[in-house]
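We're numbering straight along the sequence, starting at 1. We use all heavy atoms of the structure for the numbers below, so side chains are in, but hydrogens, waters and symmetry mates are not.
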Amino acid sequence: MKQLMFIMLLLCGVSAHAGQFMQPDNLFPKVKFMTSHGDIVVELDRSRAPLSVNNFLSYVKKNAYNNTIFHRLVPGFVLQGGGYTPDYKEIDTLKPVFNESGNGLKNQLGSIAMARLNDPHSAVSQFYFNLEDNSSLDPGSRWGYAVFGQVVSGMEVLEKIQNVETEINQQNGWSDVPVEPVILKMVILLPQE
């Protein structure tokens with residue numbers, strides 16, 4: 001399995017990420033998001049999104065997500081984080097990851113996916129939780145957004161966060177920014193079952 005994943009990385013022209021060495025034989029590693037509103041456990045899907053999962057785990061390994069914020073909240077759509085500190089400084093990022101949106105996983109309620117710019121292969125550290133079924137984010141005649149896991153516990157935390165008031169942030173002009181910061185205290189890899 002390790003050799004297959006390394007070959008896939010080479011074929012896609014993507015440099016190896018430290019995440020590939022975290023529970024390398026576990027196709028479905030679980031991570032816990034410890035937020036200011038409670039804990040969310042996500043089962044990642046390395047069988048369908050190995051590049052995205054290994055990329056995400058690389059940020060977990062270097063504690064890059066610790067004490068960051070969810071900077072975008074659109075109730076009934078998405079909750080996005082993984083890119084900024086509470087004072088809106090960008091975290092250090094790795095190279096962009098190849099877009100795996102054609103892997104068969106859907107942007108459905110409770111799934112986690114890679115956030116990106118217009119360039120389909122521009123995803124780095126940012127991710128989002130789908131707060132509804134969002135088929136418009138799935139691939140079709142254009143690239144979609146790569147889903148790489150699913151919430152297995154803590155949906156009530158996402159529900160609670162959806163009730164946070166948002167505004168246009170005066171500092172950076174972004175819309176849909178939570179008025180009360182929603183902090184991602186830590187993301188940890190759970191022991192393999």
Side-chain angles (χ1 to χ4, degrees), residues 17-19 22 29-44 49 52-97 99 107-119 122-132 134 137 145-190:
H17 288 288
M22 298 175 72
K30 290 183 180 165
V31 290
K32 182 189 287 187
F33 291 73
M34 301 162 131
T35 80
S36 54
H37 288 67
D39 296 346
I40 303 164
V41 176
V42 174
E43 182 179 79
L44 306 176
S52 299
V53 169
N54 290 339
N55 175 69
F56 179 81
L57 288 175
S58 294
Y59 289 100
V60 172
K61 182 174 179 66
K62 60 185 217 168
N63 298 317
Y65 293 132
N66 294 2
N67 300 309
T68 59
I69 57 167
F70 287 96
H71 65 279
R72 180 176 177 230
L73 168 62
V74 184
F77 185 49
V78 297
L79 172 65
Q80 185 172 334
Y84 300 96
T85 64
D87 56 357
Y88 300 101
K89 288 193 170 76
E90 272 189 88
I91 68 168
D92 291 335
T93 57
L94 303 169
K95 291 181 181 174
V97 66
N99 187 325
N107 280 276
Q108 61 191 17
L109 176 64
S111 63
I112 186 172
M114 295 301 299
R116 62 172 174 80
L117 304 172
N118 286 335
D119 173 353
S122 60
V124 282
S125 65
Q126 291 188 41
F127 58 85
Y128 63 88
F129 287 104
N130 282 288
L131 302 177
E132 199 59 61
N134 291 314
L137 301 177
Y145 292 78
V147 173
F148 64 98
Q150 183 72 35
V151 172
V152 292
S153 73
M155 282 302 294
E156 70 282 357
V157 175
L158 288 178
E159 284 296 320
K160 191 189 317 182
I161 292 171
Q162 280 197 83
N163 295 320
V164 173
E165 184 183 347
T166 62
E167 66 181 357
I168 295 176
N169 182 276
Q170 298 304 314
Q171 182 178 338
N172 51 38
W174 299 342
S175 58
D176 307 312
V177 176
V179 174
E180 168 205 338
V182 179
I183 305 293
L184 179 52
K185 299 174 183 177
M186 185 181 297
V187 182
I188 59 169
L189 179 64
L190 295 177

Just to verify, what does [X] make a side-chain hydrogen bond (donor to acceptor under 3.5 Å, both in side chains) with, not counting sequence neighbours?
X: T85; answer: D87
X: N99; answer: S101
X: R72; answer: Q80
X: Y145; answer: none

Side chain to side chain contact (heavy atoms under 4.5 Å, CB included) against [X], all qualifying residues, sequence neighbours excluded:
X: L109; value: D133, M155
X: N66; value: N63, M186
X: N169; value: Y88, Q171, N172, V177
X: S153; value: V41

> Between I183, L158, N163, V164, which is the residue that forms a side-chain contact (heavy atoms from CB on, under 4.5 Å) with H37?
Replying inline: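 That would be V164.
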Restricting to non-hydrogen atoms, name the atom on [X] and the atom on [Y] that form the minimum distance, rounded to 0.1 Å.
X: A18; Y: K61; result: CB-CD, 3.8 Å
X: P29; Y: V53; result: CG-CG1, 4.3 Å
X: D39; Y: V157; result: O-CG2, 3.4 Å
X: V187; Y: V60; result: O-CG1, 3.5 Å

>> Would L189 and L57 count as a side-chain contact (heavy atoms from CB on, under 4.5 Å) here? Give the steps.
In response: CA-CA 8 Å; L189 179 64; L57 288 175; 4.1 Å; yes
>> Could you work out, with ring pair (Phe, Tyr, Trp, His ring centres under 6.0 Å) as the rule, every residue matching F148, not counting sequence neighbours?
In response: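 F148: ring pair (Phe, Tyr, Trp, His ring centres under 6.0 Å) contacts with F56.
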>> Please enumerate all residues that pass ring pair (Phe, Tyr, Trp, His ring centres under 6.0 Å) together with Y84, with sequence neighbours excluded.
In response: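 Applying ring pair (Phe, Tyr, Trp, His ring centres under 6.0 Å) to Y84 gives H71, W174.
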>> If we count only N and O atoms by modelled type, under 3.5 Å, do the side chains of S111 and N130 hold a donor and an acceptor together?
In response: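 Per modelled atom types, S111 and N130 side chains form a pair under 3.5 Å.
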For [Y], does its backbone N or O pair with a side-chain atom of [X] as donor and acceptor, under 3.5 Å?
X: T166; Y: D176; answer: no
X: N107; Y: A113; answer: no
X: Y59; Y: L94; answer: yes

>> I need the Q150 CD to F129 CZ distance, nearest 0.5 Å.
In response: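 Nearest 0.5 Å value for the CD-CZ distance: 10.0 Å.
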>> Nearest 0.5 angstrom please: E165 CD to L73 CG, how far?
In response: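 Reported value, rounded in 0.5 Å steps: 11.0 Å.
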>> With a 6.0 Å cut-off (strictly less than), is the heavy-atom count around CG of D119, excluding the residue itself, greater than 12?
In response: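 Atom CG in D119 is packed in, count exceeds 12.
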